[in-house]
Amino acid sequence: MSQFLTSDYLIAFLFSVIRMSTPIIFCALGALIASHAGAINMALEGIMLTASLLAVMFSAWLQNCWAGLLGAVLGGLLMSLLFAWLHLYKDSDLIITGLALNTMASGGTVYLLYLACGDKGTSRLLPSINLPNVELPLIRHIPVLGPVLSGHNILTYLALVAVFLCWVLVFRSRLGLRIRAVGFNPNAAASVGISVRRVKFEALLLSGLFASLGGAFMSMGYLSYFARDMMAGRGYIGIAAATLADGHCLSTLLASLGFGTANAASITLATMNLKADLVAMIPYLVTVIGLVIVSARKQAKARKLQADK
């Protein structure tokens, strides 16, 4: 037990928290944009999974990590287009469509993986290339803080920048104003000439764009290969993080870091001879607890408003 109380272990743990939070941050930002438009992007898990596989395939075929990132974005946008088209233009149910696409991505990525390298488990046979890690020039020399913040994958730093970009997009841009207007009252937005369907379509595409970056990180930063169903529920956890944040970008970052901490803690506890099944459920248990707390707060707020009337 004493080994977990050393400064070296604490530094490694905090480094792991930031690393594990990266895909959740991207996914949560995507969920946040969709929620402001009045939609729940339930296809985020499948979008991330598809982007993760295409990142590996493009980087292996073209021997360029940036080509892999481009492939991930294209794959994520393709899945988002399909999701938005089915929901907005074919009137399919939002939740069922998302779950169907997640299931399709789970099986479809295995099939594509087998076609690409003859393996149904991982892409280790593909010579894929990882995105680079970045050493921060000044911060890396600061004791404790340097080893925690420096040396991460470039997508980790992009995730932190993306929080600010998402805030600008949603709260300081014309498109963001339209997205929030459509999400708040679509009838009022339509009455002033805003195309509700078009704005929701754009919001879902942006949602998929952010999520695809999280998928790319999983196979080109977190790991150096694609593995079957490697998202392991991160798409749903991202939706939970956005729900906990109640539409705020900074709160979304903090919620994502909280879930990243739960993931890192589960790995730490796995080294303490605890039952593997019990340890594996920790991130999902934290998700459920968080959603229960949010639900309880909303009900309390609703009761208070009703009492004031």
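For clarity, every value in this text was computed on a predicted model and none was experimentally measured.
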How long is the straight-line distance from [atom2] of [Y] back to [atom1] of [X], given to the nearest 0.5 Å?
| X | Y | atom1 | atom2 | value |
| --- | --- | --- | --- | --- |
| Leu244 | Ser251 | CG | OG | 10.0 Å |
| Leu113 | Leu125 | CG | CG | 9.0 Å |
| Leu169 | Leu177 | CG | CG | 11.5 Å |
| Ser256 | Ile24 | OG | CD1 | 6.5 Å |
| Leu254 | Ile25 | CG | CD1 | 9.5 Å |
| Leu209 | Leu213 | CG | CG | 5.5 Å |

With no hydrogens and no angle check, do the side chains of Thr22 and Thr156 hold a donor and an acceptor under 3.5 Å apart?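 Thr156 and Thr22 do have a side-chain donor-acceptor pair below 3.5 Å.
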Flag if over 12 foreign heavy atoms under 6.0 Å of [atom1], [X]:
| X | atom1 | value |
| --- | --- | --- |
| Arg140 | CZ | yes |
| Tyr89 | OH | yes |
| Arg197 | CZ | yes |
| Ile40 | CD1 | no |

Under 4.5 Å between side-chain heavy atoms, hopping through other hydrophobics if needed: is there a path connecting [X] to [Y]?
| X | Y | answer |
| --- | --- | --- |
| Met231 | Leu223 | yes |
| Ile47 | Leu94 | yes |
| Phe26 | Ile239 | no |
| Ile194 | Leu88 | no |
| Met42 | Leu205 | yes |

[X] side chain to [Y] main-chain N or O, any donor-acceptor pair under 3.5 Å?
| X | Y | value |
| --- | --- | --- |
| Asp119 | Arg124 | no |
| Ser191 | Ala188 | yes |
| Asn102 | Gly46 | yes |
| Tyr225 | Ser128 | no |
| Thr261 | Leu257 | yes |
| Thr50 | Gly75 | no |
| His152 | Tyr157 | no |
| Ser150 | Leu136 | yes |
| Glu45 | Leu99 | no |
| Arg172 | Trp167 | no |

Any side-chain heavy-atom pair of [X] and [Y] under 4.5 Å:
| X | Y | result |
| --- | --- | --- |
| Met230 | Leu49 | yes |
| Met79 | Leu101 | yes |
| Phe210 | Leu32 | no |
| Leu82 | Leu78 | no |
| Leu155 | Leu69 | yes |

Mind checking whether Trp61 and Phe58 have parallel, tilted or perpendicular rings, split at 30° and 60°?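 The rings of Trp61 and Phe58 sit tilted, inter-plane angle from 30° to 60°.
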Shortest non-hydrogen contact between [X] and [Y], atoms and distance:
| X | Y | value |
| --- | --- | --- |
| Pro147 | Phe15 | O-CD1, 3.3 Å |
| Cys65 | Pro132 | SG-CD, 4.2 Å |
| Ala34 | Leu204 | CB-CD2, 4.2 Å |
| Cys166 | Ile33 | SG-CG1, 3.8 Å |
| Cys249 | Val163 | O-CG1, 3.7 Å |
| Ile129 | Ser59 | N-OG, 3.4 Å |

Worked check of side chain to side chain contact (heavy atoms under 4.5 Å, CB included) between Leu175 and Ile179: CA-CA 6 Å; Leu175 176 59; Ile179 288 174; 4.0 Å; yes
Going through the checks in order, is the side chain to side chain contact (heavy atoms under 4.5 Å, CB included) test met by Phe226 and Thr109? CA-CA 10 Å; Phe226 174 84; Thr109 51; 3.8 Å; yes
Within 45° of the ring axis of Phe217 and under 6.0 Å from its six-membered ring centre, is that where the NZ or CZ of Arg234 lies?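 Verdict for Phe217: no cation-pi partner in Arg234.
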Leu77/Ser212 under side chain to side chain contact (heavy atoms under 4.5 Å, CB included): CA gap, chis, key distance, verdict: CA-CA 8 Å; Leu77 288 177; Ser212 64; 5.8 Å; no
